[in-house]
Every structure is written in C-alpha cells, then in structure tokens.
Amino acid sequence: MKVVVIGGSGLIGKKLLNNLLQQGHEVVAASPSSGVNTITGEGLAEALAGAQIVVDVANSPSFEDTAVLEFFETSGRNLLAAETAAGVRHHVALSVVGTDRLLASGYFRAKMAQENLIKASPIPYTIVRATQFFEFVGAIAQSATDGQTVRLPPALMQPIVSDDVAAAVADIAVGEPLNGTVELAGPELIPLDELVRRYLSANRDTRKVTTDVHAGYFGTEVNDQSLTPGDNPRLGPTRFEDWLSRSIPQG
Ligand SMILES: NC(=O)c1ccc[n+]([C@@H]2O[C@H](COP(=O)([O-])OP(=O)(O)OC[C@H]3O[C@@H](n4cnc5c(N)ncnc54)[C@H](OP(=O)(O)O)[C@@H]3O)[C@@H](O)[C@H]2O)c1
C-alpha cells in the first residue's frame, strides 16, 4: 500500500516511516523539507497521487494561540480536500489524550479543531490520541522553570516513548479505519512533578522541582484525570527509567 506521512521528517514521522518500510509498504515522507507543505498546498497533490493511506503527524512551528489554531485548521482543510481528490481510503492523525478536557489551552483548542475537521470529512479515519512523549519531558521542565525552580503540579501522567507511539501508529494506519479514537499510553502512572524530578536528576540538572497543585501544565490547571487515558488505552511497553538510562550519556 502507498502510505503518505505528513510530517515525515519529525520525531514520530521518521520512526513511523521506518516501521512502514520494514512492513514492505511504499512510503512517502511529506513535509516542507521535502517540498510538501499543507499550509500553502505546495507538492500536496503530487505526494498524494495513488495513496491509500495518509498519516498526519505534522506539528505547528509556533505554539502561540492564534498561530497554532491557524496551522491545524488550514493544514487540516487543505490536507482533507487533497485526500478527497486523490481518493484516500484511511486518514490517521496523531492527537493528544485529554484534548477535550484541556480546552483552556490554545494548543489543545487547535488539536480539537484538527480532530473536528477529520470527523466532519467524508474520509474514513482513525484518530490516535497519545499521552506525552518521554522526549517531551525536557520541554515541560523548561516551560515551568523560573531561575533554578521548576514549579509543577503532582497531577498523574502516563507518558510514552516515541518509538512505542510510532510502532502503534504504523499498525493502526494499515488496519481498517475505526471512524473513532484510540488512546495510546505508557506502562506506568507517574505524577508530573515526580516525572520531571527524575528527568532532571538523571541529566544532572541542578534545577529543583517545587510541587504546587495550582502550577499549570503550560499554564492550564490539571488534575489526575486531565492527562491520563480512559479505560482501554493501548499500552507501549517501554518504562521511563529504562528510556532514561539508555538515552542519557553515562559517565
Ligand atoms: N509531544 C508530545 O508529547 C505529543 C503527545 C501526543 C501527541 N503529539 C502530537 O504528535 C504529533 C507529532 O509530533 P512530533 O513531536 O513528532 O513533531 P515534530 O518532531 O515537531 O515534527 C513536526 C513535523 O511537522 C512538519 N511540518 C511543519 N509544518 C508543516 C507544513 N506546513 N506542512 C507539512 N508538514 C509540516 C515538520 O516538517 P519539516 O521538518 O519539513 O519542517 C515536521 O516533520 C503532533 O501533531 C503532536 O500534537 C505530541
């Protein structure tokens, strides 16, 4: 099958392409760095010609409220229109667990808009909502840093490593469209403050995490239900400690 990966040069995109290639599919990496732009439409029709499956793992270059909403709305509209013209049979998009509970955040409003466009389009789809990637924990720490202090709530999370996301998305993409949503999460629940404490400690980062129930997640208040999946998530096997010990240079 011909599979087009929108955002194929990104963290998930690269790994997804490898997984699909190994399964013997014809894959096309589509993003601005390879001449395909879902905002301007450049190269889109050519990339989609003859494709059965499109997986959208692109992300906005800016997370500013207006810019990110405009990115996911414009990109979604252009992409779905081009897929309709090309006769694509399965549209898969990567979203975030808890999107509908976090609409106080501009980023999540943009992801909700992306999901709503997909649901309103005639193309059969599967939305894959993942929890936060292990690789994203450094950015969470950065967003909550003031001098040497990192202020974070103890809200539960169930983060997942990007390799496990890419493996699951590859599998889902070549399966039947669900016209629904699947959740992906890691194997363990970890409070957000504790997760960042472990990450900083493993990196020998001297910043200190202060627990504050009202400290937001990128400015949005969260509780134990905000970022965690529902009853039947598909679980990635990789534990945070194992990823930390293999991803951080020793010595
Ligand atoms: N971070 C997390 O913890 C997390 C958790 C759950 C879900 N997600 C979702 O996972 C998805 C992928 O995230 P990621 O971290 O893998 O992204 P990433 O590494 O930041 O990669 C972003 C990709 O988007 C592409 N892109 C940017 N503008 C584009 C455009 N106009 N047209 C087509 N492609 C464009 C980039 O292409 P170029 O390199 O060519 O510019 C790049 O391939 C996102 O949708 C995000 O919402 C993230």
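Excluded from the calculations below are hydrogen atoms, water molecules and symmetry mates; all remaining heavy atoms, backbone and side chain alike, are included. Counting convention: from 1, in listed order, for ligands and their atoms alike. By convention here, the first residue in the shown sequence is residue 1.
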Between the side chains of Asn78 and Thr38, is a donor N or O closer than 3.5 angstrom to an acceptor N or O?
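Their side chains do not contain a donor-acceptor pair, so the 3.5 Å distance test is not met.
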Only heavy atoms count here, so choose which of Ala166, Pro32, Ala29 is nearest to atom 35 (C) of ligand 1.
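It is Pro32 whose heavy atom sits nearest to atom 35 (C) of ligand 1.
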Please answer: with hydrophobic residues joined when any side-chain heavy atoms are less than 4.5 Å apart, are Val88 and Val92 in the same cluster?
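Different hydrophobic clusters.
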Honestly curious: do Phe133 and Leu184 fall in one hydrophobic cluster under the side-chain, below-4.5 Å linking rule?
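As far as the 4.5 Å side-chain criterion goes, Leu184 and Phe133 are connected within one cluster.
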Parallel under 30°, tilted from 30 to 60°, perpendicular over 60°: which one fits the rings of Phe218 and Phe136?
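Because their plane-to-plane angle is under 30°, the rings of Phe218 and Phe136 count as parallel.
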Parallel, tilted or perpendicular, judged at 30° and 60°: which one describes the rings of Tyr199 and Trp243?
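Tyr199 vs Trp243 ring planes: parallel.
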Compute the minimum heavy-atom distance from Thr131 to ligand 1 and say whether it is under 4.0 Å.
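Heavy atoms of Thr131 do come under 4.0 Å of ligand 1.
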Using a 4.0 Å heavy-atom threshold (strictly under), name the region of [X] that reaches ligand 1: side chain, backbone, both or neither.
| X | answer |
| --- | --- |
| Asp56 | neither |
| Phe133 | both |
| Tyr107 | side chain |

Which ILVMFWY residues are connected to Leu189, directly or by a chain of links, through side-chain heavy atoms under 4.5 Å apart?
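Hydrophobic cluster check, Leu189: joined to Leu156.
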Ligand-residue contact atoms, ligand 1 with [X], heavy atoms, under 4.0 Å:
| X | answer |
| --- | --- |
| Ser33 | 38 (P), 39 (O), 40 (O) |
| Ile12 | 16 (O) |
| Gly7 | 23 (C), 24 (O), 25 (C), 43 (O) |
| Ser95 | 6 (C), 7 (C) |
| Lys111 | 44 (C), 45 (O), 46 (C), 47 (O) |

So, do Asn59 and Phe72 sit near enough that their side-chain heavy atoms are less than 4.5 Å apart?
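Contact flag for Asn59/Phe72 side chains = yes.
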